[in-house]
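Read the structure below first, then the notes.
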There are 2 protein chains.
Amino acid sequence: MVENMEQTQSKPTEDKQLTKQRILAAALDLFSVYGFSTVSMRELGKAVGIKESSIYYHFHNKVHILEMIFEEVYSQIELQRARFMDALQVATSFERKQFIATGVYYVEHILLDNHLYKLIRMLTIEKQHNEKAAEMYTQLLFHWPLNHQERVFTYMMNAGLIKQDNAEELAAEYQAIILYVFQKYFSGATEFNASHMQAAKRELEQLLARFYNRLGKGDGLS
Amino acid sequence: MVENMEQTQSKPTEDKQLTKQRILAAALDLFSVYGFSTVSMRELGKAVGIKESSIYYHFHNKVHILEMIFEEVYSQIELQRARFMDALQVATSFERKQFIATGVYYVEHILLDNHLYKLIRMLTIEKQHNEKAAEMYTQLLFHWPLNHQERVFTYMMNAGLIKQDNAEELAAEYQAIILYVFQKYFSGATEFNASHMQAAKRELEQLLARFYNRLGKGDGLS
DNA sequence: GTCTATAAATGGATAGAC
DNA sequence: GTCTATCCATTTATAGAC
């Protein structure tokens with residue numbers, strides 16, 4: 001189902017940590033598609049290329065694996081924050097093309113980032129019955145991005161780059177657009193190809209352009 | 001885990017169809033929270049109040065139950081269409097209060113309708129690995145509502161009720177707001193209480209009011 | 001129509017050899 | 001560190017009594 005990527009290094013030294021990481025990666029791969037409780041230790045072992053009994057050398061039990069993945073989400077949130085900060089550093093210029101490109105970048109390289117995307121898909125399943133997963137899900141897709149966007153719009157209003165408005169509501173509208181496109185095109189089971197990706201980008205650019213036009217001071221922009 | 005709700009009726013007559021319905025209802029209850037493959041026939045039987053072996057009198061096997069639920073989704077789509085049509089019949093007046101109330105009604109009484117809400121939650125899980133579920137999910141939350149909203153906005157533009165614009169893009173913006181609120185407040189594992197519901201309504205009204213203001217012809221409205 | 005009993009497969013987890 | 005072998009609980013599903 002899932003093959004291992006690196007056959008190169010197999011030195012008996014740091015193999016312990018390496019295998020542990022491979023188990024976590026394979027677990028996320030499987031959990032994000034089938035859900036935690038559906039995936040058996042046998043399947044997981046097969047995906048990693050070891051027997052299921054060997055997994056117990058690295059983890060206490062099955063839920064321990066899930067807990068380790070959950071813990072990783074928090075550091076992933078930090079990473080997302082940092083990466084998004086970089087992407088929005090340029091926002092001080094606030095040019096139309098730049099504004100749209102930033103939103104597209106957010107979907108294409110942060111939400112659809114290989115690792116975060118799998119985490120989101122896993123949380124999408126687990127949040128239905130797991131309170132902690134539900135909490136992480138809203139933090140990841142709502143609370144933090146909204147908080148960030150609100151600060152960006154506040155800054156822009158104070159700098160006179162956009163007309164006065166409610167920054168919190170603007171942030172909500174912005175995130176609504178982002179999540180709408182993300183879920184419309186990337187929420188299902190289907191592998192997404194290039195043309196699929198193109199369609200998503202086209203609609204996102206369209207909606208962001210409309211949003212951008214509404215931000216203007218009525219004079220210089222658009 | 002789940003106890004049965006009705007001990008009252010046990011007449012030997014039409015019990016066959018009735019029990020079948022009770023099994024389907026209990027199955028949806030459990031599948032929508034834990035996912036299809038996680039729920040065992042024992043749990044399901046316990047929820048209904050019969051032994052798991054008795055379920056096989058009503059259904060060929062476990063997947064047969066899922067298939068029956070899936071089939072029901074299509075009729076549910078029709079029902080949603082009819083109900084939404086009723087709700088939007090009034091839209092010909094297009095008064096601010098009415099416009100907002102219609103959107104709130106859509107979330108509160110259609111998306112959060114007991115049955116449809118469970119279907120959506122179930123599809124949220126199954127879509128990750130089931131193509132048919134993924135298809136239904138996008139039909140239910142994207143394709144059909146967008147199609148409907150586009151027709152509504154087109155009609156309104158032709159009637160001169162709102163200023164000329166791209167109806168398809170307007171529909172996308174509208175649905176983005178609806179889904180944003182729906183998922184922000186009702187996507188998790190937590191039971192939602194009255195104050196939670198109030199917060200959701202408040203934000204939805206806020207965003208719909210902003211959307212409404214953008215639709216105006218620049219003169220009479222707002 | 002629902003029950004008990006049971007078959008056959010699969011689940012998580014441990015013990016101990018190498 | 002990973003293996004084989006094994007334990008025991010639970011799973012889906014069937015057979016047959018009532």
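Numbers restart at 1 for each chain; the letters A, B, ... are given by sequence-line order, proteins then strands.
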- Between CG of A/Leu44 and P of C/dT10 the distance, given in whole Å, is 18 Å
- Taking only residues two or more places apart in sequence or in another chain, which ones pass salt bridge (Lys or Arg N to Asp or Glu O under 4.0 Å) with A/Lys20? none
What's touching nucleotides 16-18 of chain C from the protein side, N or O pairs under 3.5 Å?
none

- Item | Non-neighbouring partners of A/Phe192 that pass ring pair (Phe, Tyr, Trp, His ring centres under 6.0 Å), sequence neighbours left out | A/Tyr117, A/Phe186
- Item | Any pair counted as salt bridge (Lys or Arg N to Asp or Glu O under 4.0 Å), so long as it reaches residues 171-196 of chain A, sequence neighbours left out | A/Glu173-A/Arg214, A/Glu173-B/Arg210, A/Glu173-B/Arg214, A/Lys184-A/Glu203
- Note on the structure: A/Ile50 CD1 to D/dG1 P, in whole Å, measures 12 Å
- Query: A/Lys46 has an atom NZ; how far is it from atom C1' of D/dC3, in whole Å?
  - Reply: 16 Å
- Query: B/Asn193: what forms a side-chain contact (heavy atoms from CB on, under 4.5 Å) with it, not counting sequence neighbours?
  - Reply: B/Ser195, B/His196
- Query: D/dG1 P sits how many Å from A/Ile23 CD1, rounded?
  - Reply: 12 Å
- In chain order, what residues pass the salt bridge (Lys or Arg N to Asp or Glu O under 4.0 Å) check against B/Arg202, with sequence neighbours excluded? none
- Of all the base pairs, Watson-Crick or G-U under 3.5 Å, which form stems of three or more consecutive pairs involving DNA chain D? C:1-10 with D:9-18, C:12-18 with D:1-7
- Query: Nearest-Å distance, NE2 (A/His58) to P (D/dG1)?
  - Reply: 7 Å
- Think A/Tyr57 has a side-chain N or O under 4.0 angstrom from the OP1 or OP2 of D/dG1? yes
- Distance below 4.0 Å between B/Ser54 side-chain N/O and C/dG1 OP1 or OP2: no
- In whole angstrom, what separates B/Lys51's NZ from D/dA15's C1'? 17 Å
- Item | salt bridge (Lys or Arg N to Asp or Glu O under 4.0 Å) partners of A/Glu78, counting only residues at least two apart | A/Arg81
- Query: With sequence neighbours left out, which residue pairs that include part of residues 109-129 of chain A fulfil the salt bridge (Lys or Arg N to Asp or Glu O under 4.0 Å) condition?
  - Reply: A/Asp29-A/Lys118, A/Arg83-A/Asp113
- Side chain A/Lys46, main chain A/Met41, donor-acceptor under 3.5 Å: no
- Task: For B/Glu108, check salt bridge (Lys or Arg N to Asp or Glu O under 4.0 Å) against everything at least two apart and list the hits.
- Result: B/Lys201
Protein-nucleotides 10-14 of chain D N/O pairs under 3.5 Å:
| residue | atom | partner | partner atom | Å |
| --- | --- | --- | --- | --- |
| D/dT11 | OP1 | B/Ser40 | OG | 3.4 |
| D/dT12 | OP1 | B/Lys62 | NZ | 3.0 |
| D/dT12 | OP2 | B/Met41 | N | 2.8 |
| D/dA13 | OP2 | B/Tyr56 | OH | 3.3 |
| D/dA13 | OP2 | B/Lys62 | N | 3.0 |

If you look only at distance, which donor and acceptor atoms sit under 3.5 Å apart when one is on a side chain in residues 64-74 of chain A and the other is two or more places apart or in another chain?
| residue | atom | partner | partner atom | Å |
| --- | --- | --- | --- | --- |
| A/His64 | ND1 | A/His60 | N | 3.0 |
| A/Glu72 | OE2 | A/His115 | NE2 | 3.0 |

- Once the angle between the rings of A/Tyr212 and A/Phe99 is folded into 0 to 90°, is it parallel (under 30°), tilted (30 to 60°) or perpendicular (over 60°)? tilted
